[in-house]
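Contents: one structure, followed by commentary.
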Amino acid sequence: MNGPAPHPPTVVLVHGAFIDASSWAGVIAPLQAAGLTVLAPANPLRGLAQDAAYLRSVVRQIDAPVVLVGHGYGGAVITHAAGDYDQIVALCYVAAFGLDAGESVLDILSRFASAPVTDTTITAALPTRFTGGPDGEMYLIEEQFGPTFAADLSPHVTDALAVTQRPIARRALTDTSGPPAWACKPSWYAIAAADRMLAPTAQRFMAQRMAATEYSVAASHGVVLSQPGAVAAMIREAAEQGTDRGVGYGLPRS
């Protein structure tokens with residue numbers, strides 16, 4: 001007697017700081033062409049607990065297994081959000097923060113030096129301008145956006161990204177993570193080998209700590225924009241394995 005047919009997972013793409021969900025456009029097209037259902041919600045970027053709660057609310061509306069994908073700070077969000085959700089069958093990190101319990105984004109940034117692009121290094125302070133005091137929002141300085149975030153994209157692209165960037169609340173850097181989802185979920189990690197925002201050494205450390213399937217991509221932190229095909233290929237691999245894990249899956253909406 002045949003068992004239930006495999007249920008293809010839905011891929012949920014979570015963007016990081018300074019960009020928005022449109023950054024996934026080049027990744028979405030090949031995933032959809034492969035027959036996958038894809039969602040790319042707007043990450044609020046207000047703080048880890050709030051952002052993770054929002055992501056969980058999105059996942060609860062999906063009546064299928066889920067592969068969560070996080071870029072940059074989005075990795076911290078999926079790590080904090082996925083936890084004991086059986087619905088989530090795989091995690092994908094794209095130059096992303098895979099935090100451990102009690103760890104913050106700032107802990108990782110402080111521990112691993114990034115390649116310097118200005119006199120201000122990432123260990124002292126991100127090259128940002130602050131508004132609104134200690135609880136204000138962070139932006140990348142417009143002139144620094146290209147060389148810091150996406151040196152492998154053309155200036156006309158990075159100039160547009162610089163003036164449309166999504167700010168992140170400063171508290172998001174210091175909020176600490178709960179028990180990491182990667183401790184109980186199969187994980188994949190795309191290391192951006194030319195990243196000037198999140199040091200490749202930090203990415204390798206986090207990938208190895210979570211025993212992730214690793215891919216190295218010759219790209220900047222803006223890898224989802226500059227190398228979308230490579231990112232999509234990794235996600236497809238995770239989704240294929242997630243399909244097997246999702247056999248017989250069923251979850252009522254709540």
Side-chain angles (χ1 to χ4, degrees), residues 14-21 23 41-58 68-84 91 93-142 144-145 148-149 165-183 187 189 191-192 195-210 221-222:
V14 183
H15 67 83
F18 313 123
I19 52 177
D20 59 26
S23 61
N43 186 357
L45 305 178
R46 299 298 85 194
L48 196 50
Q50 183 174 337
D51 298 340
Y54 174 72
L55 179 58
R56 284 191 291 266
S57 75
V58 171
L68 284 183
V69 185
H71 173 230
Y73 168 73
V77 177
I78 69 171
T79 299
H80 192 64
D84 57 358
L91 303 170
Y93 294 83
V94 184
F97 291 91
L99 302 179
D100 204 349
E103 195 170 59
S104 71
V105 167
L106 189 59
D107 289 335
I108 294 294
L109 294 177
S110 299
R111 197 180 314 166
F112 296 90
S114 181
V117 289
T118 67
D119 291 336
T120 304
T121 66
I122 204 167
T123 47
L126 284 167
T128 58
R129 58 181 172 84
F130 299 97
T131 59
D135 294 323
E137 297 182 329
M138 296 174 59
Y139 299 81
L140 287 176
I141 297 170
E142 290 179 14
Q144 299 293 343
F145 194 100
T148 305
F149 192 96
Q165 62 183 290
R166 286 277 309 280
I168 185 169
R170 288 186 66 181
R171 70 177 67 89
L173 299 188
T174 54
D175 287 347
T176 55
S177 183
W182 47 259
S187 301
Y189 200 114
I191 298 167
D195 199 325
R196 294 180 176 179
M197 290 284 295
L198 176 58
T201 52
Q203 296 179 45
R204 292 188 189 95
F205 165 77
M206 290 183 285
Q208 291 171 9
R209 181 170 65 179
M210 65 177 69
H221 192 67

- Contact list for residues 45-54, test salt bridge (Lys or Arg N to Asp or Glu O under 4.0 Å), sequence neighbours left out: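 Salt bridge (Lys or Arg N to Asp or Glu O under 4.0 Å) check on residues 45-54 returns R46-E137.
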
- Message: Applying salt bridge (Lys or Arg N to Asp or Glu O under 4.0 Å) as the test, list every pair that has at least one member in residues 199-209; sequence neighbours left out.
- Response: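 Applying salt bridge (Lys or Arg N to Asp or Glu O under 4.0 Å) to every pair that reaches into residues 199-209, excluding sequence neighbours, yields E103-R209.
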
- Query: Relative to each other, are the rings of F205 and F112 parallel, tilted or perpendicular (30° and 60° limits)?
  - Reply: tilted

- Message: Once rounded to the nearest 0.5 Å, what's the spacing between atom CZ of F149 and atom CD of Q165?
- Response: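 So the CZ of F149 and the CD of Q165 are separated by 9.0 Å.
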
- To the nearest 0.5 angstrom, please state how far the CE atom of M210 sits from the CG atom of D100.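 The CG atom of D100 is 9.5 Å from CE of M210, to the nearest 0.5 Å.
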
- Item | Test applied, side chain to side chain contact (heavy atoms under 4.5 Å, CB included); reference residue, N43; option that passes from I78, D20, V14 |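 Result: among I78, D20, V14, V14 is the only option passing the side chain to side chain contact (heavy atoms under 4.5 Å, CB included) with N43.
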
- Ring centroid separation for F18 and Y139, is it under 6.0 angstrom? no

Can you name the closest pair of heavy atoms from [X] and [Y] and give their distance?
{"X": "P44", "Y": "Y54", "result": "CD-CD2, 3.7 Å"}
{"X": "S187", "Y": "W182", "result": "OG-CB, 3.5 Å"}
{"X": "A82", "Y": "L68", "result": "CB-CD1, 4.0 Å"}
{"X": "A101", "Y": "P180", "result": "N-CD, 3.9 Å"}
{"X": "T148", "Y": "R196", "result": "O-CB, 3.5 Å"}
{"X": "A96", "Y": "G75", "result": "CB-CA, 3.7 Å"}

Using side-chain contact (heavy atoms from CB on, under 4.5 Å) as the criterion, list what pairs up with [X], not counting sequence neighbours.
{"X": "A81", "value": "A52, L55, R56"}
{"X": "A21", "value": "H15, A40"}
{"X": "A76", "value": "L48, Y73, F97, L99, V105"}
{"X": "A49", "value": "none"}

- Message: What verdict does the side-chain contact (heavy atoms from CB on, under 4.5 Å) test give for L173 and M138, after you've listed the backbone C-alpha separation in whole Å, the side-chain angles of each residue and the deciding distance to 0.1 Å?
- Response: CA-CA 10 Å; L173 299 188; M138 296 174 59; 3.5 Å; yes

- Message: Run the side-chain contact (heavy atoms from CB on, under 4.5 Å) test on M206 and I191 for me, step by step, so that the C-alpha distance in whole Å, both residues' side-chain angles and the decisive distance to 0.1 Å come before the verdict.
- Response: CA-CA 10 Å; M206 290 183 285; I191 298 167; over 6 Å; no

- Item | Check: I108 and L198 side chains under 4.5 Å, non-hydrogen atoms |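 L198 vs I108: side chains touch.
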
- Taking side chain as C-beta onward, heavy atoms only, is I19 less than 4.5 Å from H71?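 Yes, side chains in contact.
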
With sequence neighbours excluded, what pairs up with [X] under the side-chain hydrogen bond (donor to acceptor under 3.5 Å, both in side chains) test?
{"X": "D107", "answer": "S104"}
{"X": "T176", "answer": "none"}
{"X": "H221", "answer": "D195"}

